[in-house]
There are 2 protein chains.
Amino acid sequence: MHFFRGLQGCRNSNASSKQNSLNQGVISICKPKLKADQAKLLAAHKHSESERRRRMGINGQYATLRTILPNLIKMDKASVLAETIRRVRELKKAVEEVEEVCCTVPDVDDELRLEVGEDHEESAGLVLIKATLSCEDRPGLMLELINALKSVKRGVELRVVKAEMMTAGGRTKTVLWLRRRGAGSGGRGYEHDDDNEAILVMLRRTLKVVLAKRANGKC
Amino acid sequence: MHFFRGLQGCRNSNASSKQNSLNQGVISICKPKLKADQAKLLAAHKHSESERRRRMGINGQYATLRTILPNLIKMDKASVLAETIRRVRELKKAVEEVEEVCCTVPDVDDELRLEVGEDHEESAGLVLIKATLSCEDRPGLMLELINALKSVKRGVELRVVKAEMMTAGGRTKTVLWLRRRGAGSGGRGYEHDDDNEAILVMLRRTLKVVLAKRANGKC
DNA sequence: TTCAACACGTGAGAC
DNA sequence: TGTCTCACGTGTTGA
């Protein structure tokens, strides 16, 4: 604790007061220039008070963070900040991942993109295809897509694992996650990359037809 | 600035040094108990140094936050914390909104829920229906759903605005956002709530049939 | 001038 | 014991 709390009990060796000037040994320094010193004292008081307010504000925000953040083990400021940073980054990534799919504005031009997926959790050995397509919106599009997908067989079934769709401004963006499913997952593995390539080509051609339909005014 | 930076230049009124003991008026306090004081001095030095390291750590984290947060107008600590709190809450809400739909585990029991949507952006006057259904996973489910939806007409078209689907552990959760579309949005408004109610009933019955299919071992 | 923001060194308490 | 975290009052700087 420092010198005063609420302007009483000053024991600063520099600051002078009528009483303290009696002290032995500290005489020459503590010549009471009364008015100036009082003003200084008041200023110091104001200063420390406003600094305290500032601290309280900041500490209140730490408290808020402590209540917001889950799984907070250590409660000290550094840990709170560290966890905050971690969480902001984590959440940002999660949101971006989703936004990429269903919250972005559909592309202005028709687009079809096929991606062979990364190894997903338990889908080891299964081929995951992500099909992203943007086009003019129209009723029955999803139905057409699914019907079209049924025609891409090549011996194995193309299974829709997940589907997302969003529309904006008369255009729509659809994302389909497809999985090749053969004669049971216990059976033989999928033949070759060549085969995958062939399926991708066929898939692309098929979906393009669906996309083109409207462009030709057929719908 | 306080007393020393790097152990030189101590001018503390309590701490004594050979030179300072010459000062007039501050004699009696500054009796040099040399060894004890030197130890104290060393301890104080260590203390202030480690405290500086702590501060630097925390300030580094503030710096990180400043780089992470977009649209940061004021850069002072309080503002950084405030913006951080705002952002964490914002991101959390956004993630929750999405997770509610496509990242939650599908319900263990078959479930069908219909909700008449809140007024969405530009869809004023249009009825938005959100259909959430969980059931055992099976190929072609989406196709069946869409076909089933086509049968629910009642004069107006039920349009799939958005669709999401996720599967886990052999079960799947599907969310469909439907919109009643009549004879153009410029035409007469939709008749009555009664009519909406009737559609909901019919929709529920229709979707239930799709869900029940598998339960009866028909698939 | 005042005000806000900051870094600083220190004493206290926790562990 | 020492080490760590915090609140405190202060000096300083820029607006």
Side-chain angles (χ1 to χ4, degrees), chain A residues 1-17 20 26 29-30 33 35-67 69 72-85, chain B residues 1-17 20 26 29-30 33 35-67 69 72-85:
Chain A
M1 177 77 68
H2 270 236
F3 306 131
F4 55 83
R5 162 70 54 90
L7 213 43
Q8 84 284 17
C10 169
R11 286 178 280 107
N12 188 348
S13 57
N14 284 328
S16 61
S17 70
N20 283 351
V26 219
I29 296 179
C30 301
K33 308 169 234 169
K35 290 153 201 168
D37 282 4
Q38 274 181 10
K40 270 213 178 339
L41 216 61
L42 213 75
H45 174 60
K46 269 191 126 149
H47 185 28
S48 72
E49 277 267 289
S50 80
E51 177 65 10
R52 166 159 41 251
R53 276 199 303 275
R54 175 177 163 270
R55 270 192 310 255
M56 281 176 57
I58 291 180
N59 286 339
Q61 294 176 303
Y62 276 104
T64 305
L65 280 176
R66 278 185 260 259
T67 67
L69 297 173
L72 205 39
I73 313 154
K74 292 191 70 189
M75 286 300 200
D76 68 277
K77 294 184 179 179
S79 305
V80 170
L81 288 182
E83 177 64 12
T84 303
I85 292 171
Chain B
M1 176 74 72
H2 269 234
F3 306 134
F4 56 82
R5 163 69 56 87
L7 213 44
Q8 84 283 17
C10 170
R11 288 177 278 105
N12 189 345
S13 59
N14 285 326
S16 61
S17 72
N20 281 351
V26 220
I29 295 179
C30 299
K33 305 172 239 171
K35 290 156 202 168
D37 282 5
Q38 274 182 11
K40 271 213 182 333
L41 217 63
L42 213 76
H45 174 58
K46 266 190 130 153
H47 185 26
S48 72
E49 277 266 290
S50 79
E51 178 65 8
R52 164 156 46 249
R53 276 199 302 276
R54 176 177 161 271
R55 270 194 309 257
M56 281 175 58
I58 290 179
N59 287 338
Q61 294 176 303
Y62 276 103
T64 305
L65 281 177
R66 277 185 261 258
T67 67
L69 298 174
L72 205 38
I73 314 154
K74 293 192 66 187
M75 284 301 199
D76 68 278
K77 294 183 182 181
S79 305
V80 170
L81 288 182
E83 177 64 11
T84 302
I85 292 171

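So that the names make sense, note that chain A is the first sequence line, chain B the second, and so on, each numbered from 1.
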## Note on the structure
B:Gln61 meets the side chain to side chain donor-acceptor pair (under 3.5 Å) criterion, sequence neighbours left out, with none
### Query
Could you state the CZ-P distance from B:Arg66 to C:dA5, rounded to the nearest angstrom?
12 Å
## Note on the structure
Winner on side-chain proximity to A:Arg55, out of D:dC6, D:dC8, C:dG9, is D:dC8
### Task
Quickly work out the B:Lys77 NZ to C:dC8 P distance and round it to whole Å.
10 Å
#### Entry: Separation of C:dT2 P from A:Lys46 NZ (nearest whole Å)
8 Å
### Message
Between P on D:dG2 and CD on B:Glu51, what's the gap in Å once rounded to a whole number?
### Response
19 Å
### Task
Indicate whether OP1 or OP2 belonging to D:dG9 is found under 4.0 Å from a side-chain N or O atom of A:Arg52.
yes
### Residue-phosphate contact under 4.0 Å: B:Lys40 side-chain N/O, C:dG9 OP1/OP2
no
### Query
Within a strict 4.5 Å, meaning less than it, do heavy atoms of the B:Thr84 and A:Ile85 side chains meet?
no
#### Entry: D:dA7 OP1/OP2 closer than 4.0 Å to side-chain N/O of A:Asn59
yes
### Task
State, yes or no, whether a side-chain contact exists between B:Arg52 and B:Glu49 at a heavy-atom distance under 4.5 Å.
yes
### Query
Hey, does B:Lys74 reach any base, or is it just sugar-phosphate, or nothing, if we go heavy atoms under 4.0 Å?
sugar-phosphate
## Note on the structure
Contacts of B:Asp76 and B:His47 projected onto DNA chain C by closest heavy atom; the upstream (5') one is B:Asp76
### Task
Would you kindly give the CZ-to-P distance between A:Arg53 and C:dC6, to the nearest whole Å?
16 Å
### Distance in angstrom units between A:Met75 CE and D:dC6 C1', rounded
16 Å
### Task
Choose from C:dC6, D:dT10, C:dT10 the nucleotide whose nearest atom is closest to any side-chain atom of A:Ala44.
D:dT10
### Task
Starting from P on C:dG11, measure out to CZ on B:Arg54 and report it in whole angstrom.
17 Å
Could you pull out every donor-acceptor pair under 3.5 Å between side chains of residues 53-60 of chain B and any protein atom, sequence neighbours left out?
residue, atom, partner, partner atom, Å
B:Arg54, NH1, B:Glu51, OE2, 3.0
B:Asn59, OD1, B:Lys77, NZ, 3.2
B:Asn59, ND2, B:Arg55, O, 3.4

### Query
When rounded to the nearest 0.5 angstrom, what distance separates CG in B:Leu65 from CD in B:Glu83?
10.5 Å
## Note on the structure
Atom CE of A:Met56 and atom C1' of D:dA7 are separated, to the nearest Å, by 12 Å
